[in-house]
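Read the structure below first, then the notes.
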Amino acid sequence: VTVSLRGNNFNETGGATIAISNVAADDDNSLVSGNITLSTTYKTLKTLVPDTDTEIYYFLDVPTAQKAASYTSTFYFKGD
């Protein structure tokens, strides 16, 4: 089973955004290797043998000049 991820940009009601490319996903809670940068199109995180599971960790890099606010986004998961 191929595990793929994508997402939408983070938005807040005043119009500020944080790009989804500021999010990295990984399966071992480390940004050293094996991570992917999310985008609005699906990217493969890993391939699993049937009847196994995995944990997925997300890391968000908030730009220093980013407006403080409540932001929302949606992440999507696909298994093929």
Side-chain angles (χ1 to χ4, degrees):
V1 176
T2 301
V3 178
S4 301
L5 312 170
R6 75 174 183 90
N8 294 336
N9 291 332
F10 291 81
N11 298 299
E12 60 91 27
T13 55
T17 63
I18 299 174
I20 194 64
S21 59
N22 284 35
V23 176
D26 189 69
D27 66 342
D28 65 3
N29 201 15
S30 168
L31 287 176
V32 177
S33 65
N35 59 301
I36 61 168
T37 300
L38 266 63
S39 73
T40 55
T41 58
Y42 281 104
K43 289 188 175 181
T44 300
L45 177 65
K46 71 184 302 180
T47 300
L48 301 171
V49 293
D51 296 320
T52 60
D53 59 10
T54 189
E55 295 180 346
I56 301 173
Y57 300 89
Y58 293 94
F59 302 88
L60 174 61
D61 181 17
V62 179
T64 24
Q66 191 68 39
K67 174 184 173 184
S70 290
Y71 291 80
T72 58
S73 177
T74 304
F75 292 0
Y76 300 88
F77 306 83
K78 180 171 74 169
D80 291 324

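- Using the six-membered ring where Trp is involved, Phe77 and Tyr58 have ring planes that are perpendicular, over 60° apart on the 30 and 60° scheme.
- Tyr71 and Ala16 get closest at one heavy-atom pair: OH-CB, 3.5 Å.
- From Ser70, atom OG reaches atom CG of Asn11 across 12.5 Å, with rounding to the nearest 0.5 Å.
- The nearest pair of heavy atoms linking Ile56 to Val3 is CD1-CG1, 4.3 Å.
- Within the structure, salt bridge (charged side-chain N to carboxylate O under 4.0 Å, His left out) pairs that include any residue of residues 35-63 comprise Asp27-Lys46 (at least two apart or interchain).
- Under the 4.5 Å side-chain criterion, counting only non-hydrogen atoms from C-beta, Val23 is in contact with Phe75.
- Closest approach of Thr52 to Leu48, counting heavy atoms only: OG1-CB, 3.4 Å.
- Ala25 and Leu38 make their closest contact through CB-CD1, 3.6 Å (heavy atoms, listed as atom of the first residue, atom of the second, distance).
- Between Ile20 and Phe10 there is a side-chain heavy-atom pair separated by less than 4.5 Å.
- Across all non-hydrogen atoms, the minimal contact from Thr37 to Ser21 is CG2-O, 3.1 Å.
- Residue Thr41 holds its OG1 atom at 11.5 Å from CG of Leu5, rounded to the nearest 0.5 Å.
- Within the structure, salt bridge (charged side-chain N to carboxylate O under 4.0 Å, His left out) pairs that include any residue of residues 65-80 comprise Glu12-Lys67, Lys78-Asp80 (at least two apart or interchain).
- Summarising the geometry of Tyr57 relative to Asn29, their closest heavy-atom pair is CD1-N, 3.2 Å, with the distance given to 0.1 Å.
- Ser73 contributes a side-chain N or O that, together with a main-chain N or O of Asn8, makes up a donor-acceptor pair within less than 3.5 Å.
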